[in-house]
Amino acid sequence: SIWFFHAKVIFFDGGLKDSPFWRNPAYDWSHWDYPELVPMLAARTAAFIGVWNEFAPKGGLIPLAVAGFTGLLAAGTRQGFLMLAPAAAAVMGAALWNGYMDGWIALYAAVAVLSLGAWMESSSRADLALCAAALGTTLCVKNEGQLVAASLLPAILWAAAVRRKTLRRQDVSELDGLLPRDHEIHFYR
């Protein structure tokens, strides 16, 4: 997959930095514009293990899974988690380890939607923070995270307008800090 190909480049370059790979037109097919969260996690895992092979970098998916399923637990009820977690794992199937990011986008989108719904019901700042963190992660996993964020934005704005008396400016500014910026390193020709 492209994410693990990028991870391999990051691993052998010793980090995400300017190198001949990022300027080589032969690699234009590898979508240089894809977010690099998963490749960086995979490269760091392989570096921790001390070797690049076909299995070590997939350990980088473990923190993504732990955070996603913990978010799923935090966003819902215990009973809901007992139904949603196995369902999510079953739906994701091989996408849990094969390198495709669509399942991870779906998991984090579900966490964002559930936590947004919980915030709309309870006005809990923790639910709002979880929603922002899940949206930020979707943006850092795959470009389609932009679609998730754009589709949830009207609901977030509506809920913020309804809750404006309980919403503090500090909450909004803190949540804004969780969203990624365009500080990614782009090494285009």
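Numbers for residues simply follow the sequence, beginning at 1. Model, not experiment: these values are computed from the prediction.
Ring-centre distance between Trp22 and His6: below the 6.0 Å cut-off.
The shortest non-hydrogen separation linking Ser30 to Phe21 is OG-CZ, 3.7 Å. Closest approach of Trp32 to Arg23, counting heavy atoms only: CH2-C, 4.3 Å. Residue Phe69 comes nearest to Ala85 through the heavy atom pair CE2-O, 3.7 Å, listed as atom of the first residue, atom of the second, then distance. The two atoms that bring Ala42 and Ala7 nearest to each other are CB-CB, 3.6 Å, heavy atoms only. For the residue pair Val51 and Phe11, the shortest heavy atom distance occurs at C-CZ, 4.0 Å. Smallest separation of non-hydrogen atoms from Asn98 and Lys58: CA-NZ, 4.3 Å.
Contact check for Trp52 versus Lys8: side-chain heavy atoms found under the 4.5 Å cut-off. The shortest distance between side-chain heavy atoms of Asn143 and Met101 does not fall below 4.5 Å. The shortest distance between side-chain heavy atoms of Val111 and Thr137 does not fall below 4.5 Å.
Using a 4.5 Å cut-off between side-chain heavy atoms of Ile, Leu, Val, Met, Phe, Trp and Tyr, with links allowed through other members, Trp29 and Val9 fall into the same hydrophobic cluster. Side-chain heavy atoms closer than 4.5 Å link hydrophobic residues (I, L, V, M, F, W, Y) into clusters, and following such links, even through other members, never connects Tyr100 to Met40. In this structure, Trp158 is a member of the same hydrophobic cluster as Ile156, with clusters built from ILVMFWY side-chain heavy atoms closer than 4.5 Å. Using a 4.5 Å cut-off between side-chain heavy atoms of Ile, Leu, Val, Met, Phe, Trp and Tyr, with links allowed through other members, Val66 and Ile49 fall into different hydrophobic clusters.
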Open item on the list: Evaluate Leu130 against Trp119 for side chain to side chain contact (heavy atoms under 4.5 Å, CB included), listing each step before the verdict.
Closed with: CA-CA 9 Å; Leu130 180 58; Trp119 175 64; over 6 Å; no

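Without hydrogens or angle criteria, Tyr108 side chain to Leu64 main chain gives a donor-acceptor distance under 3.5 Å.
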